[in-house]
Number of protein chains: 2
Amino acid sequence: MKKEVTTLKKIAQLLEVSTSTVSRALNNHPDISEETAIKVKKLAKKLNYMPNIFAKGFRQHRTNIIGVIVPNILSYFTSSILKEILLQAETKGYRVIISESNNDIKKEKEMLHTMLQFGVDGILMSLTKHTVDVEPILYALNQKPLILFDKVSRKVPCTQIIINGEEAAFNAVEHLINIGKKRIAILKEFEQSYNSEKRFQGYLRALKTNNIPVDEKLILSTDDISLKKGRRLTSQLISLKDKPDAIFSITDAAAIGAIQTLKKFNFKIPDEIAVIGFSNSLSSTIVEPKLTTIDQPGNRIGEMAVKYIIEEIEEPKENSTSKTIEIKTNLIIRDSTLLSI
Amino acid sequence: MKKEVTTLKKIAQLLEVSTSTVSRALNNHPDISEETAIKVKKLAKKLNYMPNIFAKGFRQHRTNIIGVIVPNILSYFTSSILKEILLQAETKGYRVIISESNNDIKKEKEMLHTMLQFGVDGILMSLTKHTVDVEPILYALNQKPLILFDKVSRKVPCTQIIINGEEAAFNAVEHLINIGKKRIAILKEFEQSYNSEKRFQGYLRALKTNNIPVDEKLILSTDDISLKKGRRLTSQLISLKDKPDAIFSITDAAAIGAIQTLKKFNFKIPDEIAVIGFSNSLSSTIVEPKLTTIDQPGNRIGEMAVKYIIEEIEEPKENSTSKTIEIKTNLIIRDSTLLSI
DNA sequence: CTGAAAGCGCTTACAG
DNA sequence: CTGAAAGCGCTTACAG
C-alpha cells in the first residue's frame with residue numbers, strides 16, 4: 001500500500017552528492033552554489049520529496065505544533081477563536097493540536113501533561129471555570145511558552161489575551177440607564193470566574209457612576225449560566241415585590257432564557273423589562289425580540305493568541321514579559337432594548 | 001527556562017544498566033526481570049520521565065496522530081462531531097490535528113498534503129461542497145488510511161460514515177403528508193452536494209409513495225443554503241399562484257429563514273404553511289414557532305469515524321474493505337408542524 | 001562550495 | 001535476563 005518514500009539520501013545518491021549538500025540546498029543555505037541548489041530542488045520536486053517532519057522536529061527540538069486546550073468546543077465563541085487560530089497558525093507554518101477539557105480540571109491537567117510530553121512548541125489555553133489550582137499551569141509555563149486566552153487567571157504570570165469585559169459591561173448597563181432603566185438586575189456566574197467577575201465590576205461601576213443604588217436582590221448568581229438557568233433566575237426576579245426593569249445577563253444563553261420567561265408571563269420587552277446578553281451568538285438574532293448584546297471578536301482573540309505564542313516560541317526571552325492584551329468589544333443594540341416609543 | 005529533561009540514557013546511567021534495559025522495562029517487555037522493571041519504573045516516575053514522542057514516532061514510523069479536515073468548524077454539527085473525535089481519540093491514545101478547508105478545494109488539497117507530510121497515521125475528512133476532483137484524495141488514500149464522514153463522495157473507495165439522509169428526508173416529508181400537506185416545497189443545494197442529493201431523493205420517494213405529483217416550481221436550489229437564502233427562496237414560494245402548504249429545508253438555517261419570511265407576511269405556521277428543517281441546531285428551539293427538524297447525532301459519527309480509522313491504522317488490510325456506515329437520525333416534532341387543531 | 005561524521009532519543013535484532 | 005550496536009532521517013559544526 002505505502003508508496004516508496006523519497007529521502008534526502010535517495011536524492012543524494014541519484015545526484016552523486018552528499019546528503020549534507022542536499023539538505024543544505026533544500027533549506028536555502030547560502031553556501032550552496034546556485035547550480036547545485038537548482039539541480040537538487042528540481043529532482044526533489046520531481047520525486048515529490050517531503051521532509052520527514054518527525055526526523056526534523058526530533059533533530060531540531062522543534063515540532064512546529066501549537067497545542068490548544070479549551071473548555072468546550074461546542075461554544076460558538078470558542079469555535080470562532082479556534083477558526084482563527086487554525087488559519088493564522090497554518091499561514092505561519094504551524095500545525096495545531098486541539099484538546100477539550102470539558103470543564104474538568106483533572107482532564108485539563110492531563111492534557112497539559114500530554115501536550116508537554118508530545119513536545120508542542122507552545123501552548124494556548126483557556127481555563128475551565130473550576131480552575132483554581134494553577135500549579136500544573138505554572139509547571140507547564142516553566143517548560144514551554146504558554147499563553148492564556150478568554151478564560152484566564154491572574155495567578156499565572158504569562159501573556160493573556162482577553163476582552164475588555166469590565167468596560168463592555170459598563171457600556172451595556174449604561175445603555176440601559178440611558179433608556180431610562182433604574183432597577184437593573186444582573187445574571188452572573190457563581191464561581192470565581194474571572195470573566196464573570198469583570199463584568200460584574202463593570203455593572204457596579206455603571207450603577208455607581210450614575211448614582212443608582214445597588215440592590216442585592218437584583219444580583220443573581222449561578223454556577224452554570226445556561227438558557228435553563230436564565231429562565232429560572234428570571235422567574236425569581238419577576239416574583240420580587242420590587243421587580244427589575246432591566247436584566248443584564250453575562251451570557252446570551254441565559255439572556256434568551258430570560259426573554260422566554262418574560263414572554264411567558266406577558267411582560268413587554270423592552271418597555272417593561274429590557275434584556276441585554278453577552279457574546280452575540282447566532283441565536284441572539286433569532287430570538288424575538290432580537291437580543292441586544294456585546295459582540296466579542298473571537299477572530300481577533302485567535303489572531304493575537306497565535307501572534308504572541310509564535311513570538312515567544314521564536315524569540316524566547318529570559319525575563320518573561322507577560323503582557324495583557326485587551327480586545328475591544330462592541331455593543332450591538334437590537335429590539336430587546338429599543339423602546340417602542 | 002527549560003528544565004533539564006529526563007531521557008532513557010539518564011535513567012540508565014543512574015541505575016547502572018543499559019538504555020536497552022530501561023526501554024524494555026518501561027515498555028513492559030516480557031524478558032525483563034520484575035525486579036529491574038520495578039526499579040526502573042520507580043525512578044522514571046520520580047524523575048518525571050516522558051518519552052520523547054518524536055524520537056519514538058520517528059523510530060517506529062508511527063505518530064499516533066489522526067488528521068482531521070473539515071469544511072467549516074463554526075457549524076454546530078461539525079463541532080459536535082469534532083468533540084467526540086477528540087474524546088474518543090484521546091481515550092485511545094491518539095492526538096488529533098484539525099484543519100479547516102473553509103470550503104476551498106485548493107486549501108483542502110494543500111491540507112491533505114501537509115497532513116501526509118506531517119506523517120499522521122490516518123486521516124478523517126469531510127469534503128467541501130465543491131469537491132468534485134477526488135484525485136488528491138485518492139492519492140492520500142494510497143498512502144495512509146483515510147475515512148470520509150458526513151460530506152462524502154462515492155468516487156472514493158474508502159470507509160464512509162454518513163447519516164441515513166434519504167430515509168430521514170423521507171420520514172420528514174411523510175410526516176408533512178400525514179398532517180395533511182399536499183404541496184410540499186423543498187429548499188436544497190444547487191451543486192452536486194452528496195447530502196443534498198440524498199435528501200432530495202428521500203423527498204421524491206415520499207411524494208411518490210403517497211401519490212403526490214412532483215411540482216418543479218416547488219423545488220428550489222441554491223449554492224449556499226443559509227438563513228438569508230431561506231428567506232429569499234421563501235419569498236419566491238409565497239409569490240407563486242399555487243402556494244405550497246409546507247416547506248422542507250435541508251438545513252435548519254434556511255428553515256429558520258423561511259419561518260422569518262412567513263411570519264413577516266403573516267402566514268400561519270404550521271396551519272397555512274408548515275416548516276421542517278434538518279440537523280437540530282441550537283437555534284431550532286429558539287425560533288418561534290419551534291422548528292420540527294431531524295436530529296443528526298454528531299457524537300455517533302465522531303465515534304464511528306475514530307473507531308474505524310484506528311482499526312485501519314492498527315490492522316492494515318491488503319484489500320481495502322471499504323464499508324459504508326449509516327447512522328440513524330431522529331425526527332423531532334415541534335410546533336412548526338404541530339397543527340393547532 | 002562540499003563532504004564525512006556525529007548526534008538528536010528511542011527501539012530492536014542479534015548475541016550472549 | 002541483559003547489553004552493545006545499528007539505525008530511523010535529518011542537521012550542522014568542523015574540516016578542507
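Chain letters run A, B, ... following the sequence lines, proteins first and then strands; every chain starts at 1. Computation of the quantities below employed the complete heavy-atom set of this structure, encompassing side-chain atoms and omitting hydrogens, waters and symmetry-equivalent molecules.
For B:Arg24 against D:dG3, a side-chain-to-base donor-acceptor contact under 3.5 Å is present.
Listed candidates were D:dT11, C:dG3, C:dC10. Nearest to the side chain of A:Val17 is C:dG3. Of the candidate nucleotides D:dC1, D:dG9, C:dT11, D:dC1 has the atom nearest to the side chain of B:Ser33.
When both pairing distances are held under 3.5 Å, D:dA4 makes no Watson-Crick or G-U pair with any nucleotide shown. Pair check for C:dA13 finds none; no Watson-Crick or G-U wobble contact set falls under 3.5 Å.
Dashed line: the shortest gap from a side-chain N or O of B:Tyr49 to OP1 or OP2 of C:dC10 is under 4.0 Å. Under 4.0 angstrom from either OP1 or OP2 of D:dG3 there lies at least one side-chain N or O belonging to B:Thr21.
Of the two residues contacting DNA chain D, namely B:Ser18 and B:Ala55, the nearest-nucleotide position lying further toward the 5' end is that of B:Ser18. Mapping A:Thr7 and B:Thr36 onto DNA chain D by nearest heavy atom places B:Thr36 closer to the 5' end of the strand.
In the displayed structure, B:Lys9 atom NZ is contacted under 6.0 Å by at most 12 heavy atoms of other residues, nucleotides or ligands.
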Run the side chain to side chain contact (heavy atoms under 4.5 Å, CB included) check on A:Tyr194 and A:Leu127 step by step: do they pass? CA-CA 10 Å; A:Tyr194 178 84; A:Leu127 305 178; over 6 Å; no
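Nucleotide D:dT11 holds its C1' atom 15 Å from the CG atom of A:Asn28, rounded to whole Å. Taking atom CG on B:Asn64 and atom P on C:dC10, their separation rounds to 16 Å, with Å as the unit. Nucleotide C:dT12 holds its C1' atom 16 Å from the CG atom of B:Leu26, rounded to whole Å. Atom NZ of B:Lys39 and atom C1' of D:dC1 are 12 Å apart (whole Å). Distance CZ (A:Arg59) to P (C:dG7): 10 Å, rounded to an integer number of Å. Computed from coordinates, the A:Lys56 NZ to D:dC8 P distance equals 19 Å when rounded to whole Å. In this structure, B:Asp31 atom CG and C:dA13 atom P are separated by 11 Å, rounded to whole Å. Nucleotide D:dA13 holds its P atom 9 Å from the NE2 atom of A:His29, rounded to whole Å.
As rounded to the nearest Å, C:dT12 and C:dG16 have C1' atoms that lie 16 Å from one another.
When heavy atoms are screened at a 4.0 angstrom cut-off, A:Ser20 is found touching base atoms of the nucleic acid.
Of the residues listed (A:Ile301, A:Ile81, A:Val306, A:Thr324), the one engaging A:Ile161 in a side chain to side chain contact (heavy atoms under 4.5 Å, CB included) is A:Ile301, and it is the only one. When each of A:Ile65, A:Leu86, A:Leu124, A:Leu87 is checked for a side chain to side chain contact (heavy atoms under 4.5 Å, CB included) with A:Val96, only A:Leu86 meets the rule.
Note: B:Leu47 CG to B:Thr6 OG1 = 4.0 Å, rounded to the nearest 0.5 Å.
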